[in-house]
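Below you'll find the structure, written out as structure tokens, and then a few comments.
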There are 2 protein chains.
Amino acid sequence: MKNFDMMLREHDLKATKQRIGILSIMQDKGHINIEDLYGKIKTLFPSISLATLYKNMHLMLKNNLLTEVSVKNSKTLYEITKDSHAHMHCENCGEVYDVDFNFENLIYPKDDSFELKDTQVIFSGICKNCK
Amino acid sequence: MKNFDMMLREHDLKATKQRIGILSIMQDKGHINIEDLYGKIKTLFPSISLATLYKNMHLMLKNNLLTEVSVKNSKTLYEITKDSHAHMHCENCGEVYDVDFNFENLIYPKDDSFELKDTQVIFSGICKNCK
DNA sequence: ATCCTTGCAAATGATTTGCAAGAGT
DNA sequence: ACTCTTGCAAATCATTTGCAAGGAT
């Protein structure tokens with residue numbers, strides 16, 4: 001718990017028990033949407049409100065503690081910000097897996113008029129479990 | 001108009017004037033979200049309802065005439081399905097640009113347990129106009 | 001003629017806001 | 001103590017549904 005406590009402080013956020021709870025669930029799940037996260041966090045803090053969850057998600061996103069993962073046909077997912085990697089998204093069960101990926105290998109028409117900040121790669125298909 | 005008329009038929013959809021209107025706006029705009037699309041389509045068909053727009057978008061997506069583009073922190077965008085390409089997304093103005101991209105060049109740890117169907121690449125940053 | 005699509009209104013679902021009480025530093 | 005966060009309720013915004021009338025083949 002000291003762990004998440006520090007993470008929050010380092011990102012200029014107060015370490016509330018709700019936030020620590022959110023982060024511990026996210027660490028456990030890897031990728032999670034708001035609905036599922038709310039279900040989980042309520043088992044830790046039965047009185048937590050959805051408004052609090054949304055407020056915290058937005059704050060942690062803004063402070064770069066969390067990262068948004070947008071996948072087609074699915075609710076937006078969130079993960080704890082990690083080093084660069086790609087995602088595999090199962091179109092059947094919706095699960096998202098991290099994939100080691102070296103962005104240096106990406107060959108594309110460099111365009112100096114565009115200030116590149118981030119690159120996202122998402123592989124869609126059917127995962128092992130669903131085949 | 002014969003153009004979109006045929007496109008619709010080829011995808012097993014009736015060619016209604018509302019659908020043709022939606023497609024012509026999309027062709028013109030390239031990438032557009034529901035809200036903006038509704039604003040535009042209403043100038044062509046003032047009495048069109050949002051429900052009709054949503055129903056048609058879902059049908060055309062299902063029949064692969066349209067493709068969904070999910071970008072972070074923005075409303076979902078839609079485009080007319082085209083040959084494979086990547087996207088550049090401006091974090092400032094929200095504009096999305098198509099980028100020629102050869103997916104053959106993508107090097108990643110192939111995993112036979114995952115049945116790959118589609119790969120999405122999104123470059124985020126600041127576009128020329130916003131710099 | 002038949003089946004699909006439209007437009008409307010209402011229902012549902014998702015996200016945001018304001019505010020008073022409580023928690024963190 | 002001071003400021004930020006929480007929980008609640010209500011407001012707003014986004015998407016979906018059912019149904020009767022109209023349109024496409």
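Just so it is clear, the model here is predicted, and its values are computed rather than measured. Each chain gets a letter, A, B and so on, in the order the sequences are listed, and its residues count up from 1.
- Contacts between residues 26-51 of chain A and DNA chain C, counted as heavy-atom distances below 4.0 Å, involve A/Leu50, A/Ala51.
- Computed from coordinates, the B/Leu59 CG to C/dC3 C1' distance equals 14 Å when rounded to whole Å.
- Separating the CG atom of A/Leu13 from the P atom of D/dT6 is a distance of 10 Å, rounded to the nearest angstrom.
- In this structure, CG of B/Leu53 is placed 14 Å from P of C/dC8, rounded to the nearest angstrom.
- For D/dA24, the OP1/OP2 oxygens have no side-chain nitrogen or oxygen of B/Arg19 closer than 4.0 Å.
- When all heavy atoms are compared, the tightest approach of B/Phe114 to A/Cys127 is CD1-CA, 3.7 Å.
- Scanning all heavy atoms of the two residues, the minimum distance from B/Arg9 to B/Ala15 falls at NH2-CB, 4.3 Å.
- For the pair B/Thr52 (side chain) and B/Leu50 (backbone), a donor-acceptor distance under 3.5 Å is absent.
- With rounding to whole Å, B/Asn56 atom CG is found 9 Å from C/dG7 atom P.
- Heavy atoms only, all atoms of each residue included: A/Tyr38 and A/Ser49 are closest at CE1-C, 3.7 Å.
- Phosphate contact (OP1/OP2 of D/dT15, side-chain N/O of B/His58, threshold under 4.0 Å): absent.
- At least one side-chain nitrogen or oxygen of A/Arg9 sits closer than 4.0 Å to the OP1 or OP2 atom of C/dT25.
- Under a 3.5 Å cut-off, the side chain of B/Thr43 and the backbone N or O of B/Ile41 do not form any donor-acceptor pair.
- Counting distance only, with no hydrogens placed and no angle test, the side-chain atoms of A/Lys55 and the base atoms of D/dG7 include a donor-acceptor pair under 3.5 Å.
- Here D/dC4 presents its P atom at 19 Å from CD1 of A/Ile20, a figure rounded to the nearest Å.
- Of the listed nucleotides (D/dT6, C/dA14, C/dT6), C/dA14 has the atom at the smallest distance from the side chain of A/Lys75.
- Counting distance only, with no hydrogens placed and no angle test, the side-chain atoms of A/Lys17 and the base atoms of C/dG24 include no donor-acceptor pair under 3.5 Å.
- In this structure a side-chain-to-backbone donor-acceptor pair under 3.5 Å is missing from A/Glu68 to A/Thr76.
- If you measure from atom CE of B/Met57 to atom P of D/dT17, you get 17 Å, rounded to the nearest angstrom.
- Both B/Thr16 and B/Tyr54 sit near DNA chain D, but only B/Tyr54 has its closest nucleotide nearer the 5' end.
- Side-chain proximity of B/Lys14 to C/dC3, D/dT3, D/dT6: nearest is C/dC3.
- Base contact: B/Thr52 has a heavy atom under 4.0 Å from a base atom.
- A perpendicular orientation is assigned to the rings of B/His87 and B/His85, their planes being inclined by more than 60° (bins at 30° and 60°).
- If you take CG of A/Asp12 and P of C/dG24, they are 18 Å apart, rounded to a whole angstrom.
- Comparing C/dT25, D/dA14, C/dG7 by their nearest atom to the side chain of B/Gln18 picks out C/dG7.
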